[in-house]
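Residue numbers start from 1 in every chain, and the chains themselves are labelled A, B, ... in the order their sequence lines are given, proteins ahead of strands.
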Amino acid sequence: MPEFRLYNTLTRRVESFAPADGHTVRMYTCGPTVYNPAHLGNFRTFLFEDLLRRTFRLVGWQVEQVMNLTDVDDKIIRKAAANGENILQVTEPFTALFHQDRRYLRIEDAEIYPKATEHIPEMIALVERLVANDVAYVAEDGSVYFAIDRFADYGKLSQLDKREVKAGARVAQDEYAKENAQDFALWKSAKPEDEATGAAWDSPWGRGRPGWHLECSAMAMKYLGETFDLHAGGIDLIFPHHEDEIAQSEAATGKQFARCWCHGEFLLTDGTKMAKRVGNVTNVVGMREQGISGTAYRHFVFSAHYRKQLNLGEESLDQSRAAVNRVGAFARRLAEATAATPVLAEAATRAEQLFLDALFDDLNAPEAMAVLFTFITEANRELDAGGTDTAALERARAAFRLMDGVLDLVPEQETDAELGAWVEGRLIARREARERRDFAAADAVREELTARGILIEDGPSGTRWRRG
RNA sequence: GGCGCCGUCGCCAAGUGGUAAGGCAGGAGACUGCAAAUCUCCCACCGUCGGUUCGAUUCCGACCGGCGCCUCCA
């Protein structure tokens, strides 16, 4: 089994990583809050996690991934209340949209997508454990808080001990109910709008709803065990979300929660963090309407290391689209080739090795992509050279399958049958014109197609077309 | 105010103590009826100033510039 190295936020170092049981990586990834469309920044993180799970399989491990769907929280309740709806009416359509967007970006299915609202009993049980362990306390109003100063390790993930809260920093509005301003809510007593929107449940402390951090601890432990291999998410979740998850989980079980923590950096737009509040968000649906494929976005995301900020500029997606078209053209050529030179086999084997080296070294996707593109150039050269080595061709196909099996960059083929029939008809007209050597007429057809966004390529096996 | 990250070709972005991957764009050529695709060749001395070193883009310091976290947040 090759060594896989990964940066661990807990230790702030790149370390050797392997699942505890040696064959299945149990990973928990924080999913979306389903009250609006997830934006491209959110999907950068999900794509990073997709790359992680695919790379794990390349190492030879199985993957058990849990991605939660937060379907009860302040923003959802506010939205539901404003519309006079139940929270389900808010979350169901956005849950569906999330999966649609996810598939467009070819993000693999996680094994489990648990919803917070379907795990209220597990969450209540966890709070009871914490109260029993005397690290949580019940406030006058029936809310339950976690007392951070009763958990010695508090701050170990975010290195809070090295931090100082900004002088005059905002403090929580409901501070009066807490012993310490930094204590966080495990259980929030129900307010009228909670009841009105179906966001309140019975508990030993009265009607209420779970605090945000609680769901992840309860669901991670339910599906992955009290200790599991990896917990991933966006870098902004380090504090307070993940810090609080660690506190409430480890204070309850006395065991280490996640063995490794992994965080992806932000997506920036025009130099600032993509965020709803900034108003610079782009959604998958919007991207789609601009004719940008999911594979182009994958290329863009993988062009930077996951721990570095990545700026989405005006030209970014167009550049990636062009890059991904090259991969697509190569994929078709490889599929249709019949033989190649022996040199191709060497290039393929070398590329595979370099590709794995790059990904296994803290998931260096940009490096891995560079290997892929270098291989494409080499392979095209050997394919041009002719050759009769069919085994070499198979070697190349296997290498490409391995690499694209992780990156998944080949753009989708056109599936619009009506458009296809029309294009084929025009191509027949063009072929006839060319056979007459009436090139003016042939070029007129090409321009007609170009006007509709169709590009054509004449090759040995006839004319091929695709969308520009 | 505290903590941290980044500054590499026109744009995006890897990387290394010994003279810098890849993608996009661009230039020249081959191929093509013309294109497209493909191939060949060309296209950077790594923010500034110091220091360490035989040698630094790569280590250290200062400075300038940008970003993020400390508060809901991928």
Side-chain angles (χ1 to χ4, degrees), chain A residues 12 29-33 38-49 73-75 78 158-173 182 212 232-241 263-268 271-278 299-300 302-305 307-330 332-333 354 358 364-385 434 437-440 442-443 446-447 450 455-459 463-466 468:
Chain A
R12 312 269 160 159
T29 49
C30 287
T33 300
H39 61 247
L40 293 186
N42 300 314
F43 278 111
R44 182 190 182 190
T45 298
F46 302 146
L47 238 19
F48 147 59
E49 292 157 353
D73 99 314
D74 292 358
K75 282 171 287 201
R78 202 178 309 138
S158 55
Q159 304 193 170
L160 240 196
D161 46 319
K162 293 184 186 170
R163 292 170 183 242
E164 286 176 27
V165 176
K166 182 178 181 177
R170 197 202 317 172
V171 286
Q173 304 302 318
Q182 289 194 64
W212 173 39
I235 193 168
D236 52 338
L237 296 185
I238 292 175
F239 187 86
H241 188 51
H263 296 91
E265 254 292 356
F266 280 130
L267 176 70
L268 272 37
T272 41
K273 171 180 172 178
M274 180 179 282
K276 255 221 136 184
R277 52 181 298 191
V278 184
H299 172 92
F300 171 67
F302 298 154
S303 74
H305 186 86
R307 284 193 285 117
K308 268 195 158 182
Q309 294 176 346
L310 173 62
N311 187 247
L312 177 68
E314 198 63 49
E315 309 170 54
S316 303
L317 263 16
D318 286 327
Q319 292 182 351
S320 287
R321 170 168 49 190
V324 128
N325 281 344
R326 180 169 154 82
V327 179
F330 174 70
R332 282 193 301 275
R333 184 175 188 190
L354 293 173
N364 193 336
E367 182 75 41
M369 281 213 297
V371 172
L372 204 218
F373 279 96
T374 299
F375 172 67
I376 288 175
T377 299
E378 291 171 340
N380 271 138
R381 183 194 306 140
E382 297 312 314
L383 256 17
D384 278 356
R434 293 180 74 205
R437 300 194 69 75
D438 181 356
F439 297 120
D443 289 345
R446 181 164 60 205
E447 279 164 32
T450 304
L455 299 182
I456 59 176
E457 298 170 18
D458 294 326
T463 299
R464 177 199 301 296
W465 64 276
R466 64 184 167 84

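Separating the P atom of B:U48 from that of B:A37 is a span of 37 Å, rounded to the nearest Å. Atom C1' of B:C64 sits at a distance of 8 Å from the matching atom of B:G47, rounded to the whole Å. Straight-line distance between the C1' atoms of B:C45 and B:A21: roughly 16 Å, to the nearest whole Å. Nucleotides B:C60 and B:G7, compared at atom P, are 14 Å apart to the nearest Å. Nucleotides B:G22 and B:C9 have their C1' atoms positioned 13 Å apart, rounded to a whole Å. Rounded to a whole angstrom, the distance from the C1' atom of B:C24 to that of B:A14 is 15 Å. Using C1' as the reference atom, B:U8 and B:U57 are 8 Å apart when rounded to the nearest Å. The gap from the P atom of B:A62 to that of B:C3 amounts to 13 Å, rounded to the nearest Å.
Annotation: side-chain hydrogen bond (donor to acceptor under 3.5 Å, both in side chains) contacts of A:Glu265 (sequence neighbours excluded): none.
Pair check for B:C45 finds none; no Watson-Crick or G-U wobble contact set falls under 3.5 Å. B:G65 is paired with B:C6 under the Watson-Crick or G-U wobble criterion, all donor-acceptor distances under 3.5 Å. The base-pairing partner of B:U38, taking Watson-Crick or G-U wobble contacts with both distances under 3.5 Å, is B:A30. The partner of B:A56 is absent, by the rule that a Watson-Crick or G-U pair needs both atom distances under 3.5 Å.
Side-chain to base pairing of A:Arg44 with B:A74: no donor and acceptor N or O lie closer than 3.5 Å to each other. For B:C6, the base has no donor-acceptor partner in the side chain of A:Asn311 [N/O atoms by modelled type, under 3.5 angstrom]. With hydrogens and angles ignored, a donor-acceptor pair under 3.5 angstrom links the side chain of A:Gln319 to the base of B:C11. Side-chain atoms of A:Arg307 and base atoms of B:C5 include no donor and acceptor less than 3.5 Å apart.
You'll find that the side chain of A:His39 is closest to B:A74, out of B:C11, B:A74, B:C24. For A:Asp384, whose side chain is taken as the heavy atoms from C-beta onward, the closest listed nucleotide among B:A74, B:A35, B:C39 is B:C39. Residue A:Gln309 has its side chain nearest to B:G68 when only B:G23, B:G68, B:G33 are considered. Closest approach to the A:Arg381 side chain among B:G33, B:U40, B:G23 is made by B:U40 (side chain taken as heavy atoms from C-beta onward). Taking every side-chain heavy atom of A:Arg434 into account, B:G33 is the closest of B:C12, B:A36, B:G33. The side chain of A:Thr45 lies closest to B:A74, out of B:U38, B:G22, B:A74. Taking only side-chain atoms of A:Glu367, from C-beta outward, the nucleotide of B:G68, B:G15, B:A13 with the closest atom is B:G15. Here the nucleotide nearest the side chain of A:Glu315, chosen from B:A37, B:C11, B:G23, is B:C11. Distance from the side chain of A:Ala329 is smallest to B:A37 among B:C72, B:A14, B:A37. Side-chain proximity of A:Thr377 to the nucleotides B:A13, B:U38, B:U40 is greatest for B:U40.
Of all heavy-atom pairs spanning A:Glu367 and A:Ala358, the tightest one is CG-CB, 3.5 Å. Of all non-hydrogen atoms in A:Thr45 and A:Gly233, the two that sit nearest each other are CG2-C, 3.7 Å. Counting all heavy atoms, side chain and backbone alike, A:His263 lies closest to A:Ile235 at CB-CA, 3.8 Å. Taking each heavy atom of A:Asn311 and A:Ser316 in turn, the nearest pair found is O-OG, 3.8 Å. When every heavy atom of A:Ala304 is checked against every heavy atom of A:Leu310, the shortest pair comes out as CB-CD1, 3.6 Å.
The distance between atom CZ of A:Phe439 and atom P of B:A36, rounded to the nearest whole Å, is 16 Å. In this entry the distance linking CG of A:Asp318 with P of B:C24 reads 13 Å, nearest Å. Computed from coordinates, the A:Glu314 CD to B:A25 P distance equals 16 Å when rounded to whole Å. Going from atom CD1 of A:Ile235 over to atom C1' of B:C3 covers 12 Å, rounded to whole Å. Atom pair A:Ile238:CD1 and B:C69:P shows a separation of 11 Å (rounding to whole Å applied). Note: CD (A:Glu265) to P (B:C6) measures 10 Å, nearest angstrom. For the pair A:Asp236 CG and B:C3 P, the computed distance is 21 Å after rounding to whole Å. Between the P atom of B:C5 and the CZ atom of A:Arg12 lies a distance of 9 Å, rounded to the nearest Å.
A distance-only check finds no donor-acceptor pair linking the side chain of A:Ser320 to the backbone of A:Leu317 [under 3.5 Å].
The stretch residues 271-278 of chain A touches RNA chain B through A:Gly271, A:Thr272, A:Lys273, A:Met274, A:Arg277, each having a heavy atom within less than 4.0 Å of the strand.
Using a 4.0 Å heavy-atom criterion, one finds that A:Arg464 contacts no nucleic acid atom at all. Contact annotation for A:Asp74: no contact, since no heavy-atom pair falls under 4.0 Å across all strands. Among the atoms of the strands shown, only primed sugar atoms or phosphate atoms (P, OP1, OP2) are found under 4.0 Å from some heavy atom of A:Thr374. Within 4.0 Å (heavy atoms only), A:Leu267 reaches at least one base atom of the nucleic acid. Within 4.0 Å of A:Leu268, counting heavy atoms only, lie sugar-phosphate atoms of the nucleic acid but no base atom. Using a 4.0 Å heavy-atom cutoff across all strands shown, A:His305 reaches sugar-phosphate atoms only and no base atom. Counting any heavy atom pair closer than 4.0 Å across all strands shown, A:His241 reaches no nucleic acid atom.
Note on A:Lys308: every side-chain N or O is 4.0 Å or more away from OP1 and OP2 of B:C67. A sub-4.0 Å separation between OP1 or OP2 of B:C39 and a side-chain N or O of A:Asn380 is present. Between A:Arg333 and the phosphate of B:U38, there is no side-chain N or O to OP1/OP2 separation shorter than 4.0 Å.
With RNA chain B read from its 5' end, the first of the two nearest nucleotides for A:Cys30 and A:Ile456 is the one closest to A:Ile456. Toward the 5′ end of RNA chain B lies the nearest nucleotide of A:Arg446, the other residue of the pair A:Arg446 and A:Leu237 mapping further downstream.
With respect to the salt-bridge test (charged N to carboxylate O, under 4.0 angstrom), the residues A:Asp458 and A:Arg446 do not qualify.
Between A:Leu267 and A:Phe300 there is a side-chain heavy-atom pair separated by less than 4.5 Å. Between A:Arg464 and A:Arg332, some side-chain heavy-atom pair lies under the 4.5 Å cut-off.
An aromatic stacking contact between A:Phe373 and the base of B:G22 is absent, as defined here by ring centres under 5.5 Å apart and ring planes under 30° from parallel.
Remark: A:Phe302 CZ to A:Leu47 CG distance equals 4.5 Å, nearest 0.5 Å. Rounded to the nearest 0.5 angstrom, A:Leu383 CG and A:Ile376 CD1 are separated by 11.5 Å.
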